[in-house]
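Hydrogens, waters and symmetry mates play no part in the numbers below; they use all other heavy atoms, side chains included.
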Amino acid sequence: MPTVLGLAGVQAPSTMDGISSAGHLIADTAAAPVPTRQLLELEGSLSVGSSGWRKMQLIEYCGLGDVARYQHLEDTANNTFRALRVIDGKHNLKLVEFTDVGNWHFEKRADEYELFDLGTDP
């Protein structure tokens with residue numbers, strides 16, 4: 001949401017979760033609308049790699065169950081996972097835990113774990 005607000009030239013409230021990445025989406029800030037350009041200039045000190053930029057992200061997805069579209073199964077209950085991405089200049093890692101929707105709270109061990117070092121094996 002902070003990115004959407006940033007593109008609109010509106011500063012996200014301090015109570016809102018997240019950081020705007022609008023500055024990384026606009027190639028020509030001079031062509032951006034005035035409110036957006038002013039906000040991007042104000043937030044210009046926050047760039048990828050700076051100390052304020054997040055280096056980790058938690059990603060969660062809860063499988064919807066058997067969802068078929070056009071005679072093709074697109075989702076299942078066991079397509080539930082949590083992933084942690086770490087990109088800190090030294091590492092580019094992705095750790096994923098797969099489970100079933102019935103174990104969303106991970107009260108039992110995950111069904112499968114995967115760790116990817118995307119820096120050495122993209």
Side-chain angles (χ1 to χ4, degrees):
M1 192 61 191
T3 300
V4 173
L5 291 173
L7 291 171
V10 177
Q11 191 165 16
S14 61
T15 56
M16 186 173 283
D17 214 12
I19 298 173
S20 174
S21 59
H24 303 288
L25 299 174
I26 297 176
D28 184 7
T29 54
V34 174
T36 303
R37 186 172 56 245
Q38 289 174 340
L39 183 63
L40 291 176
E41 289 169 1
L42 177 69
E43 295 177 344
S45 61
L46 189 62
S47 61
V48 175
S50 71
S51 62
W53 192 259
R54 292 185 179 155
K55 295 171 177 43
M56 290 185 249
Q57 179 182 17
L58 176 65
I59 306 160
E60 299 177 309
Y61 180 76
C62 183
L64 300 172
D66 290 346
V67 175
R69 292 188 183 102
Y70 308 107
Q71 293 80 39
H72 177 74
L73 187 62
E74 292 189 3
D75 202 0
T76 61
N78 67 350
N79 185 27
T80 297
F81 65 87
R82 290 186 179 156
L84 180 63
R85 280 299 308 266
V86 177
I87 305 172
D88 64 1
K90 296 179 185 176
H91 304 96
N92 183 1
L93 304 173
K94 179 170 68 170
L95 172 66
V96 185
E97 296 182 335
F98 294 93
T99 191
D100 191 270
V101 71
N103 189 27
W104 174 248
H105 297 290
F106 285 81
E107 294 165 347
K108 299 180 286 182
R109 290 178 54 101
D111 296 328
E112 185 177 335
Y113 300 90
E114 294 179 358
L115 175 63
F116 301 93
D117 185 341
L118 300 173
T120 60
D121 187 12

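Rounding to the nearest 0.5 Å places OG1 of Thr99 at 10.0 Å from CD of Glu107. Expressed to the nearest 0.5 Å, how far CZ of Arg37 lies from CG of Asp28 amounts to 9.5 Å. Atom CG in Leu93 sits 5.0 Å away from atom CG in Asp117 (nearest 0.5 Å). Rounded to the nearest 0.5 Å, atoms CE (Met56) and CG (Leu95) are 12.0 Å apart. Separation of atoms CG (Leu40) and CD1 (Ile26) is listed at 5.0 Å; rounding is to 0.5 Å. Note that CD of Glu74 and OG1 of Thr76 are 11.5 Å apart. Values are rounded to the nearest 0.5 Å.
Taking Glu60 as the reference, Arg82 meet the side chain to side chain donor-acceptor pair (under 3.5 Å) condition, with sequence neighbours excluded. Residues satisfying the ring pair (Phe, Tyr, Trp, His ring centres under 6.0 Å) criterion with Tyr61, sequence neighbours excluded, are Phe81.
A side-chain contact (heavy atoms from CB on, under 4.5 Å) with Thr80 holds for exactly one of Val101, Leu64, Asp75; it is Val101.
Put simply, the side chain of Ser21 never gets that close to the backbone of Thr3: no donor and acceptor are under 3.5 Å apart.
In terms of heavy-atom proximity, Ser20 sits nearest to Gly6 at OG-CA, 4.0 Å. The nearest pair of heavy atoms linking Thr36 to Leu7 is OG1-O, 2.7 Å. For the residue pair Arg109 and Asn103, the shortest heavy atom distance occurs at O-ND2, 3.6 Å.
Between Leu39 and Val10 the shortest side-chain heavy-atom distance does not fall below 4.5 Å.
Neither Ile59 nor Ile87 shares a network with the other; the hydrophobic side chains, linked directly or stepwise wherever heavy atoms of I, L, V, M, F, W or Y lie under 4.5 Å apart, form separate groups for each.
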